[in-house]
2 protein chains.
Amino acid sequence: MIDVAHRLRSQGYRLTPQRQLVWEVLRAAHAEGDHLSAEEIHERVSATVADFNVASVYRTLTLLTELGLATEVQLGDGRGHWELAHADDAIHLHCRRCRSVDHHQGELVSRIRSHLHGDHGFVVEDVDVVVHGLCEACAAHPE
Amino acid sequence: MIDVAHRLRSQGYRLTPQRQLVWEVLRAAHAEGDHLSAEEIHERVSATVADFNVASVYRTLTLLTELGLATEVQLGDGRGHWELAHADDAIHLHCRRCRSVDHHQGELVSRIRSHLHGDHGFVVEDVDVVVHGLCEACAAHPE
DNA sequence: ATCGGTGCAAACAATTTGCATTAGA
DNA sequence: TCTAATGCAAATTGTTTGCACCGAT
């Protein structure tokens with residue numbers, strides 16, 4: 001388990017209730033498989049802290065990203081979605097019906113890496129794979 | 001080669017110089033491997049048509065997408081980038097230095113499809129793969 | 001002559017920034 | 001106390017929309 005408090009302070013950043021809460025919201029969402037937009041994070045934290053501002057959401061997310069603790073994912077709806085950072089070899093399975101995002105671990109991303117590395121001169125730094133479609137549950141009962 | 005004029009008219013749409021030019025800009029960009037933003041398309045077409053409006057770029061791109069002639073790609077800089085439509089089994093190799101985007105055809109995407117289809121209930125509709133890194137040329141001479 | 005398409009300006013939505021104030025360390 | 005972090009409001013940026021006029025069919 002990551003200790004944000006320590007992680008922040010060791011880099012000279014302060015631990016504020018806002019930052020703590022954004023982090024906890026991300027953690028909770030992670031458990032539910034949610035990939036929240038800044039606005040959604042704002043709403044959830046606002047339930048606890050009054051006068052909490054969206055700008056702080058963005059500032060915090062930027063900071064967490066720099067520290068390698070959070071990641072932004074582009075799901076194709078124009079806005080960014082955020083999640084706890086994880087190994088970059090995960091595929092995002094995005095259900096267009098219930099909006100859920102599932103992570104699928106696999107050798108696929110590393111295969112892409114080695115494939116490109118072998119045949120081509122392209123130096124891979126980051127692989128983004130987003131698969132759009134219908135999750136098992138939504139595919140099961142059509143409508 | 002696709003005949004946009006015919007393609008448009010057969011669906012009841014009109015062929016306007018603006019639409020024609022947007023299409024030609026996309027074609028030219030395709031040859032150079034460029035994935036243009038709406039703003040860039042606007043600039044290029046404006047060189048030929050005076051008073052050409054950005055709104056028309058968006059409207060035209062939306063139309064071309066509906067007709068299956070163009071596609072939007074998310075490269076991670078917040079705005080959309082456009083290209084001629086192509087088979088959806090292409091990987092985008094995005095160079096963070098020179099901004100070029102290369103297409104890499106391969107069995108990888110179809111492998112993702114069949115893999116997910118076999119092991120999981122996820123119904124794949126669209127696979128977006130964007131690899132960020134350095135293209136061969138940029139990797140060659142560092143700086 | 002129609003009615004779809006365009007330019008223009010205003011509306012929107014997501015994200016960023018400047019600045020005075022607050023509160024971690 | 002000192003200065004980073006916040007709230008707030010205004011500014012940016014990318015994209016969309018309403019409407020009167022224009023032009024492809």
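Letters A, B, ... are given to chains in the order of the sequence lines, protein chains preceding strands, and every chain is numbered from 1.
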I want to confirm an ordering. Mapping B:R9 and A:N53 to their closest nucleotides on DNA chain D, which one lands closer to the 5' end?
A:N53

At under 4.0 Å between heavy atoms, what does B:G12 touch on the DNA or RNA strands: base, sugar-phosphate, or nothing?
nothing

For the pair made of CD in B:Q20 and C1' in D:dG23, what is the distance, rounded to whole Å?
14 Å

Side chains of A:V127 and A:R113, heavy atoms from C-beta outward: is any pair under 4.5 Å?
yes

Residue mapping more 5' on DNA chain D - nearest nucleotide basis, B:L15 or B:G80:
B:G80

Does A:E39 reach a base, just sugar-phosphate, or nothing at all? Heavy atoms under 4.0 Å.
nothing

Shortest side-chain distance from B:R59, nucleotide among D:dT25, C:dG18, C:dG7
C:dG7

Tell me: CG of A:L63 to P of C:dG24, nearest whole Å?
16 Å

Member of A:E83, A:Q74, A:H104 meeting the side chain to side chain donor-acceptor pair (under 3.5 Å) criterion with A:H92
A:E83

On DNA chain C, compare the nucleotides closest to B:V49 and A:Y13; which residue's is nearer the 5' end?
B:V49

Quickly work out the B:Q11 CD to C:dG5 P distance and round it to whole Å.
12 Å

Between NE2 of B:H81 and P of D:dG14 the distance, given in whole Å, is 9 Å

Assess the residue pair A:Q20 and A:L15 against the criterion (side-chain contact (heavy atoms from CB on, under 4.5 Å)); give the C-alpha distance rounded to whole Å, side-chain angles, the decisive distance to 0.1 Å, and a yes or no.
CA-CA 7 Å; A:Q20 210 160 191; A:L15 177 65; 3.9 Å; yes

Side chains of A:D128 and B:D128: closer than 4.5 Å at any heavy-atom pair?
no

Spacing between A:F52 atom CZ and C:dT22 atom P, to the nearest angstrom
19 Å

Which whole-number value in Å describes the distance from B:W82 CH2 to D:dG14 P?
15 Å

Base, sugar-phosphate, or nothing for A:R14, non-hydrogen atoms under 4.0 angstrom?
base

With a 4.0 Å cutoff (strictly under), does any side-chain N or O of B:Y58 reach OP1 or OP2 of D:dT16?
no

Could you tell me the separation between the NE2 atom of A:H42 and the C1' atom of C:dT16, rounded to a whole number of Å?
15 Å

Counting side-chain heavy atoms from C-beta on, which of C:dT16, C:dT6, D:dT15 comes nearest to B:R79?
D:dT15

Does B:Q18 make a side-chain N or O approach to OP1 or OP2 of D:dG23 shorter than 4.0 Å?
no

Within the structure shown, what part of the strands sits under 4.0 Å from A:R19 by heavy-atom distance: base, sugar-phosphate, or nothing?
sugar-phosphate

Atom CG of A:D51 to atom C1' of D:dA5: distance rounded to whole Å?
15 Å

Indicate yes or no: at least one non-hydrogen side-chain atom of B:T16 is less than 4.5 angstrom from one of B:T60.
no

Check this one for me: any side-chain N or O of B:T16 less than 4.0 Å away from OP1 or OP2 of D:dG23?
no

